[in-house]
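Below is one structure, written out as structure tokens, with a few remarks after it.
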Number of protein chains: 2
Amino acid sequence: MSDSLSKRRLKMWIRLLGVTRAAEGELREFLRVQHGTTLPRFDVMAALYRRREGVTMSELSRMLLVSNGNATTVVDRLESDGLVRRTPSETDRRTVFVALTAEGLAQFEGLAAGHEAEVARMFGGLSEADLDALTDILKRMGA
Amino acid sequence: MSDSLSKRRLKMWIRLLGVTRAAEGELREFLRVQHGTTLPRFDVMAALYRRREGVTMSELSRMLLVSNGNATTVVDRLESDGLVRRTPSETDRRTVFVALTAEGLAQFEGLAAGHEAEVARMFGGLSEADLDALTDILKRMGA
DNA sequence: CCCGAAAATTTCAAACTTGAAATTGTTTTG
DNA sequence: CAAAACAATTTCAAGTTTGAAATTTTCGGG
């Protein structure tokens, strides 16, 4: 007796969540042990690395899919560690741009290669065909 | 110029994380607005629903991929709300079994159908063939 | 039997996260 | 222009999460 389509979607979601949580756990461990940092800090720095010119707080929280309040506190900590800089906008006094400092950039570059290698290691079992199929499906899930 | 395999794996991971976070956000919103509860509480109750006879705290945190300390605090709150019960083991005084109370069971049954429908709605774009392919890949990612 | 290793859970401090409210600034519109 | 609507950020309380340390209990080997 086969599951209903809705039950199959549910099982898929549970499996997806399991894979994601397990991978996050491994990355968290990697960042903690090898680099003394955390996943949320890494995520913020990675977003700022991709947008080297700086982003507003709102853009940042949209990129990371976290609340504004959350972005504020992580940026606060990175700022007080000198890894990130806030610059008020010249044209709109509500707006603040956040960007990596030179120190933040250097630290992130030290992390990025290791992070990429760790991700590649975790998902080493996936062939190019798997990646094609998975990416296609994920794109449609996002839409 | 095509990406290296390791870069492709990294992009896939970022996309996977994005899809998962977006879905978690929708589910969180659904549970909050429709049922006045949260994702971690739902997760614990779902695990206890699947193992109706009860589980130890260690089993519970392994099932949910969260730390022991985390399981303790969520169970504490559910217990003080009368949705969950702790029962000391007869044979090993270190061990505690956790199970849904009658009230917890009733509440979860009220949630489960809506949750399943919400998940089915979010992933309604996936065909059976997609589910087959995705499930196959996720199984291999888990191993 | 006794002791040290291992196991199950809780406790704890620090960090993370959310969602709502507050603050400050901009824009639209009557 | 003034007021109301809207926008960007921070603040805040409550809850979640981690990882390490502490507590209690069990178990195995001498």
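Sequence lines set the chain letters: A, B, ... in the order given, protein chains first and strands last, and positions in each chain run from 1. Since we're looking at a predicted model, the values are computed, not measured. Scope of the values below: all heavy atoms of this structure, side chains included, with no hydrogens, waters or symmetry mates.
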DNA chain D: 5'-proximal contact among A:Phe97 and A:Gly25 (nearest heavy atom): A:Phe97
Between D:dG15 (C1') and B:Phe42 (CZ): distance, integer Å: 18 Å
Whole-Å gap separating C1' (C:dG19) and CG (B:Leu27): 17 Å
5' precedence on DNA chain D between A:Arg32 and A:Val55 (nearest-nucleotide basis): A:Val55
Distance below 4.0 Å between B:Arg93 side-chain N/O and D:dT26 OP1 or OP2: yes
Between P of D:dC27 and CZ of B:Arg94, the distance in whole Å: 6 Å
Under 3.5 Å: donor-acceptor pair, side chain of B:Thr56, backbone of B:Phe97: no
Within 45° cone of A:Tyr49 ring axis and under 6.0 Å: A:Arg52 NZ or CZ: yes
Residues that B:Arg8 engages under side chain to side chain contact (heavy atoms under 4.5 Å, CB included), provided they are two or more places apart: A:Glu128, A:Leu131, A:Asp132, B:Asp3
Test log, rule salt bridge (charged side-chain N to carboxylate O under 4.0 Å, His left out), inputs B:Glu26 and B:Arg28: CA-CA 5 Å; B:Glu26 288 189 54; B:Arg28 192 190 317 287; over 6 Å; no
Whether B:Arg15 side chain and B:Leu10 backbone form a donor-acceptor pair below 3.5 Å: no
Short side-chain to backbone donor-acceptor contact, B:Asp81 and B:Leu78, under 3.5 Å: no
N-O pairing of A:Asp130 and B:Arg9 below 4.0 Å: no
Per-nucleotide protein contact string for nucleotides 10-17 of chain C (B base, S sugar-phosphate only, - none; heavy atom under 4.0 Å): BB---SSB
Interatomic distance where CD belongs to B:Glu26 and P belongs to C:dT18 [whole Å]: 14 Å
A:Leu83 backbone acceptor or donor facing A:Thr101 side chain under 3.5 Å: yes
Secondary structure of DNA chain D in dot-bracket form (Watson-Crick or G-U wobble, distances below 3.5 Å, | marking inter-strand pairs): ||||||||||||||||||||||||||||||
Spacing of B:Leu60 atom CG relative to C:dA8 atom P, expressed in whole Å: 14 Å
Side-chain N,O (B:Thr95) to OP1/OP2 (D:dT25) below 4.0 Å: no
Side-chain ion pair, B:Asp43 and A:Arg21, N-O less than 4.0 Å: yes
Protein-nucleotide distance (B:Glu90, atom CD; D:dT26, atom P), rounded to Å: 12 Å
